[in-house]
Protein chains: 2
Amino acid sequence: MSGEDNLLKLVEVEEPEEHDYLLQEQVGFILRKAHQRHVSIFAAHIGDLTPPQFAALAKLRDVGETSQNQLGTLIAMDAATVKGVIDRLKARGLVELSKHEIDKRRLLVNLTAEGRDAIERLIPLAREITRETLAPLSAKEIATFMKLLAKLA
Amino acid sequence: MSGEDNLLKLVEVEEPEEHDYLLQEQVGFILRKAHQRHVSIFAAHIGDLTPPQFAALAKLRDVGETSQNQLGTLIAMDAATVKGVIDRLKARGLVELSKHEIDKRRLLVNLTAEGRDAIERLIPLAREITRETLAPLSAKEIATFMKLLAKLA
DNA sequence: GGAAATTCATTCGTATGCAAATGATATCAA
DNA sequence: TTGATATCATTTGCATACGAATGAATTTCC
C-alpha cells in the first residue's frame, strides 16, 4: 500500500492546488469592477467632466455656497482631494471662491453662472448614466440593490 | 387675482428650489462611497499592501506564472496600471519577472517564495475584510446583494 | 483670560486609474 | 513572402484618493 500512496502523492503534487479563496468572488473586487464600469459609462456620456467634478457641481446646486471642507464632507472627499477638484473647476470658471467674512479659515465655494448652466445641462445626461449603469437589473432588482448598497456605503 | 399671483411668485422665488435629481441617491455616487468604505476596512486589516497589490498576488497564486498583460486582464487593470502595481511588488521582492522564451513581447510575472508566503499569510485577513465589509447585511441579504452586484460588474 | 484642543485649508508623497502615443514583436491575409 | 493588423509593454499626462505634516484661525474649557 505504501507504494500506491507514494504514487498518489507524486501525482497530487503535480495537480493544481484547491483554492477556497477566490478573488473574483470577494465583495471588494467586484465593487471595484462595478465602480469602474460606472465611471466608464459616465465618461461615455460626459466626456469633459469627471464624476467627482460633477458631484461637486451637483451638490453646490443643492446647497448653494458652502465652505470647501463642508462640500468635501457632503460629497465624501477628504480635504486634499476636494481641493484639487475645486481648483480644476475654478480654473474652468465653473465655480468661484471667496473668503468667509467671519471665520477667516473658511474658503467659500459657489457656482458661477456658467457653472449653474453646466450642471443644469448635464443633469439629464446624468439620469441616463444612472439608467444605463443599472440597465442589467430589472426594476424590482434595482430597488433591492439600491437598498442594500446604501447599507454598505 | 393678479395681485395674489405676484405675491405667490415673490414667495416662490425666495424658496429653495425643488431638485428632483439627488446626487446622494445615484448609483454611481453610492458605489463610490461603498468602495471607499471597503478600501478603508482593507487598510485597517492589511496596512502594508493595497487592494490592487493584494489582487495581483492572489491571482498569481491562482493561476501561477502569467504575462503582465494577462494578469491585468484577470484582475481588471489596464496595462499602464498593472505595470505600476507589479513594479512595486517586484521592488518589495514579492514577485519576479522573466522574459517569455518564445514570444519576446511578453513579460512573465510569478510569485517569489516570499510572495507566496505573504499571500498565504494574508488570505485569512482578506476573509475577515470581506466579512466586515458585508457586516451591515444579513446572510440572506448578502446572497442577494452579491448576485445583483455581480450583474453590474 | 488664556492654554489646550479643534477645525479649515494647504502641501507633500505615494498609489491607483485611464487615455493616448510609441516601439517591438507576432499574426494574418492577399 | 510581405504588407497590414494586432498584441504586449512602456511612457507621459492628467485626475482621483488618502495619510501625514503644517500653519492659521477658532472654540472649548478651566
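Protein chains get the first letters and strands the later ones, always in sequence-line order, with residue 1 at the start of each. Because the structure is predicted, anything quoted here is derived from the model rather than measured. Side chains included, hydrogens not; waters and symmetry mates left out as well; all remaining heavy atoms used.
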key: Spacing of B/Leu31 atom CG relative to D/dT16 atom C1', expressed in whole Å   = 16 Å
key: Nucleotide C/dT25, atom C1' - distance to CG of B/Asn69 in whole Å   = 13 Å
message = Whole angstroms only, please: what is the CG-C1' distance between A/Leu71 and C/dC8?
response = 14 Å
task = For B/Thr50, report the nucleic acid contact type (base, sugar-phosphate, nothing); a contact means any heavy atom under 4.0 Å.
result = sugar-phosphate
query = Under 4.5 Å between side-chain heavy atoms, hopping through other hydrophobics if needed: is there a path connecting B/Leu134 to B/Leu31?
reply = yes
Atom-to-atom span, CD of B/Glu101 to P of C/dT25 - whole angstrom = 14 Å
ask   = OP1 or OP2 of D/dT16 less than 4.0 angstrom from a side-chain nitrogen or oxygen of A/Gln53, does that happen here?
value = yes
ask   = Are any of B/Gln70's side-chain N or O atoms less than 4.0 Å away from OP1 or OP2 of D/dT7?
value = no
ask   = Of A/Asp87 and A/Val39, whose closest DNA chain C nucleotide lies nearer the 5' terminus?
value = A/Asp87
ask   = Just how far, in rounded Å, is P of D/dT7 from NZ of B/Lys83?
value = 22 Å
request  = Could you label the plane-to-plane angle of the B/Phe54 and B/Phe42 rings as parallel, tilted or perpendicular, counting under 30° as parallel and over 60° as perpendicular?
outcome  = perpendicular
query = Mind checking whether B/Glu120 and B/Arg61 have side chains closer than 4.5 Å, heavy atoms only?
reply = yes
key: Any donor-acceptor N/O pair, A/Ser67 side chain to A/Leu108 backbone, under 3.5 Å   = no
ask   = Do NZ/NE/NH1/NH2 and the carboxylate oxygens of A/Asp87 and A/Lys90 come within less than 4.0 Å?
value = no
query = What's the CG-P distance between B/Leu97 and D/dC8, to the nearest Å?
reply = 17 Å
task = For nucleotides 19-28 of chain D, just jot down a letter per nucleotide in 5' to 3' order: B, S or -, based on protein non-hydrogen atoms under 4.0 Å.
result = B----BBS--
message = Whole angstroms only, please: what is the CZ-P distance between B/Arg37 and D/dC18?
response = 14 Å
query = Does A/Arg92 come within less than 4.0 Å of A/Glu114, counting only side-chain N to carboxylate O?
reply = no
ask   = Between B/Gln53 and B/Thr50, is there a donor-acceptor pair closer than 3.5 Å when you use the side chain of the first and the backbone of the second?
value = yes
query = Separation of A/Lys99 atom NZ from C/dC8 atom P, in whole Å?
reply = 18 Å
